[in-house]
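Any value given below was found using the heavy atoms of this structure, including those in side chains, with hydrogens, waters and symmetry copies removed.
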Amino acid sequence: GSVRCVQETESCLSIFSNSNKYFPEENDFVIGILKKRGGMIYDLDIKAPTVAKLGHLEFEGATKRSKPKLEVGQAIYARVSKVSRFGGIELSCISAYHKKAWTTEEAFFGPFKGGCILECSQLLSRSLLDEDNYVVKRLGSEINFELAAGMNGRVWIKANNIKD
């Protein structure tokens with residue numbers, strides 16, 4: 001696809017395209033859809049060329065006896081923890097800053113409860129992560145809602161009632 005946006009920081013130059021494929025980088029926040037459950041690994045579709053792997057114990061406070069029971073089709077907010085040069089993608093739902101256990105339903109990463117998933121451009125979903133985003137601030141002044149944006153072109157939104 002054609003180049004849509006170039007973003008430069010002191011240590012990194014990022015080029016975003018209008019392609020539907022997402023090319024993950026370590027520490028990206030993503031919204032994945034569970035495609036397969038098996039052994040100790042979940043396979044998630046994050047719109048990348050290959051599926052991403054999420055270990056059953058990669059949730060804050062998870063143990064072999066106490067771990068989330070996820071269903072195929074469920075949406076999960078996660079962080080890209082590792083990208084190998086051979087195409088392997090590993091995810092984690094453990095945050096370095098938010099230490100709420102997955103059982104509290106207050107963890108920063110993890111499965112979503114309710115709401116809906118929207119597909120959009122990666123450029124739009126990344127812009128929603130900006131704390132100064134005008135649209136998010138304006139909506140927040142009018143209605144109560146929760147929003148999580150993945151850098152992979154997926155957004156989760158949940159309002160308090162259907163009218164919102």
Side-chain angles (χ1 to χ4, degrees), residues 1 3-7 9 11-130 146-158:
V3 172
R4 298 287 295 225
C5 175
V6 176
Q7 180 180 3
T9 64
S11 62
C12 181
L13 173 68
S14 298
I15 301 173
F16 308 115
S17 77
N18 62 355
S19 167
N20 286 332
K21 282 289 179 213
Y22 160 69
F23 296 96
E25 295 181 20
E26 288 183 10
N27 294 313
D28 279 358
F29 295 176
V30 295
I31 296 175
I33 307 297
L34 182 61
K35 291 297 178 189
K36 181 180 166 191
R37 297 170 35 171
M40 293 296 288
I41 301 286
Y42 297 114
D43 286 353
L44 276 73
D45 168 23
I46 61 167
K47 296 175 68 172
T50 61
V51 296
K53 306 290 186 183
L54 174 63
H56 288 204
L57 301 180
E58 285 295 320
F59 294 84
E60 194 69 52
T63 66
K64 287 183 180 182
R65 289 184 179 200
S66 172
K67 59 186 181 247
K69 291 173 179 46
L70 304 176
E71 300 297 327
V72 171
Q74 193 165 8
I76 297 144
Y77 199 43
R79 178 181 59 82
V80 176
S81 59
K82 185 177 179 183
V83 179
S84 80
R85 61 186 189 157
F86 302 108
I89 305 164
E90 294 178 20
L91 302 177
S92 177
C93 289
I94 298 173
S95 170
Y97 306 104
H98 306 276
K99 293 297 183 186
K100 296 282 187 173
W102 71 271
T103 55
T104 66
E105 295 187 8
E106 296 177 17
F108 187 76
F109 296 114
F112 292 111
K113 303 279 190 226
C116 65
I117 299 292
L118 307 171
E119 301 271 342
C120 62
S121 72
Q122 291 173 41
L123 189 58
L124 175 59
S125 66
R126 287 170 186 260
S127 74
L128 294 173
L129 290 167
D130 184 351
E146 295 177 64
L147 181 136
M151 296 175 151
N152 59 333
R154 286 193 179 125
V155 176
W156 171 81
I157 189 162
K158 179 181 177 183

Colleague: Taking only residues two or more places apart in sequence, or in another chain, which ones meet A148 in a side chain to side chain contact (heavy atoms under 4.5 Å, CB included)?
Modeller: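 Scan of A148 (side chain to side chain contact (heavy atoms under 4.5 Å, CB included), adjacent residues dropped) gives Y77, F112, W156.
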Colleague: Measure from the side-chain N and O atoms of N152 to the backbone N and O of I31, and report whether any donor-acceptor pair falls under 3.5 Å.
Modeller: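 Yes.
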Colleague: I'd like to know whether F109 forms a side-chain contact (heavy atoms from CB on, under 4.5 Å) with L91, so could you lay out the CA-CA distance, the side-chain angles of the two residues, the decisive distance to 0.1 Å, and finally the verdict.
Modeller: CA-CA 11 Å; F109 296 114; L91 302 177; over 6 Å; no
Colleague: Applying salt bridge (Lys or Arg N to Asp or Glu O under 4.0 Å), name anything that partners E26, two or more places apart in sequence or on another chain.
Modeller: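 E26 satisfies salt bridge (Lys or Arg N to Asp or Glu O under 4.0 Å) with no other residue.
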Colleague: Does S125 use its side chain to pair, donor to acceptor, with the backbone of G150 at less than 3.5 Å?
Modeller: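 Yes, the answer is positive, given that a donor and an acceptor are paired below the 3.5 Å cut-off.
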Colleague: Please find the pair of heavy atoms, one from L129 and one from A149, that lie closest to each other, and give the distance.
Modeller: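 Result for this residue pair: CD2-O, 3.3 Å.
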Colleague: Decide yes or no on side-chain contact (heavy atoms from CB on, under 4.5 Å) for R126 and D28, but give the supporting numbers first.
Modeller: CA-CA 10 Å; R126 287 170 186 260; D28 279 358; 4.1 Å; yes
Colleague: What pair of heavy atoms forms the shortest contact from P24 to V80, and how long is it?
Modeller: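 Of all heavy-atom pairs spanning P24 and V80, the closest is CB-CG2, 4.1 Å.
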Colleague: Using the side chain to side chain contact (heavy atoms under 4.5 Å, CB included) criterion, which residues pair with I94? Sequence neighbours excluded.
Modeller: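 E58, E60, S92.
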Colleague: Got a sec, which pairs hit salt bridge (Lys or Arg N to Asp or Glu O under 4.0 Å) with one end in residues 149-158, sequence neighbours left out?
Modeller: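 Listed by first then second residue: D45-R154, E119-R154.
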Colleague: Can you name the residues that form a side chain to side chain contact (heavy atoms under 4.5 Å, CB included) with K36, not counting sequence neighbours?
Modeller: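 Applying side chain to side chain contact (heavy atoms under 4.5 Å, CB included) to K36 gives D43.
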Colleague: T50: which residues meet the side chain to side chain contact (heavy atoms under 4.5 Å, CB included) condition with it, sequence neighbours left out?
Modeller: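 Scan of T50 (side chain to side chain contact (heavy atoms under 4.5 Å, CB included), adjacent residues dropped) gives I89.
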Colleague: May I have all residue pairs that pass salt bridge (Lys or Arg N to Asp or Glu O under 4.0 Å) and include part of residues 76-95, sequence neighbours excluded?
Modeller: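 Every pair satisfying salt bridge (Lys or Arg N to Asp or Glu O under 4.0 Å) with a residue in residues 76-95: there are none.
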Colleague: So which heavy atom on Q122 is nearest to which on M151, and how close?
Modeller: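 Minimum heavy-atom contact is CG-O, 3.8 Å.
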Colleague: Identify, with sequence neighbours excluded, every residue that meets side-chain hydrogen bond (donor to acceptor under 3.5 Å, both in side chains) alongside S127.
Modeller: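 S127: no side-chain hydrogen bond (donor to acceptor under 3.5 Å, both in side chains) contacts found.
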Colleague: Please name the pair of heavy atoms, one in I46 and one in G32, separated by the smallest distance, quoted to 0.1 Å.
Modeller: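 In this case the closest contact between I46 and G32 is CG2-CA, 3.8 Å.
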Colleague: Ignoring hydrogens, what is the shortest heavy-atom contact between I41 and G55? Give both atom names and the distance.
Modeller: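 Heavy atoms of I41 and G55 come nearest at CD1-CA, 4.1 Å.
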Colleague: Closest heavy-atom contact between K67 and K64?
Modeller: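 Closest approach of K67 to K64, heavy atoms only: NZ-O, 3.2 Å.
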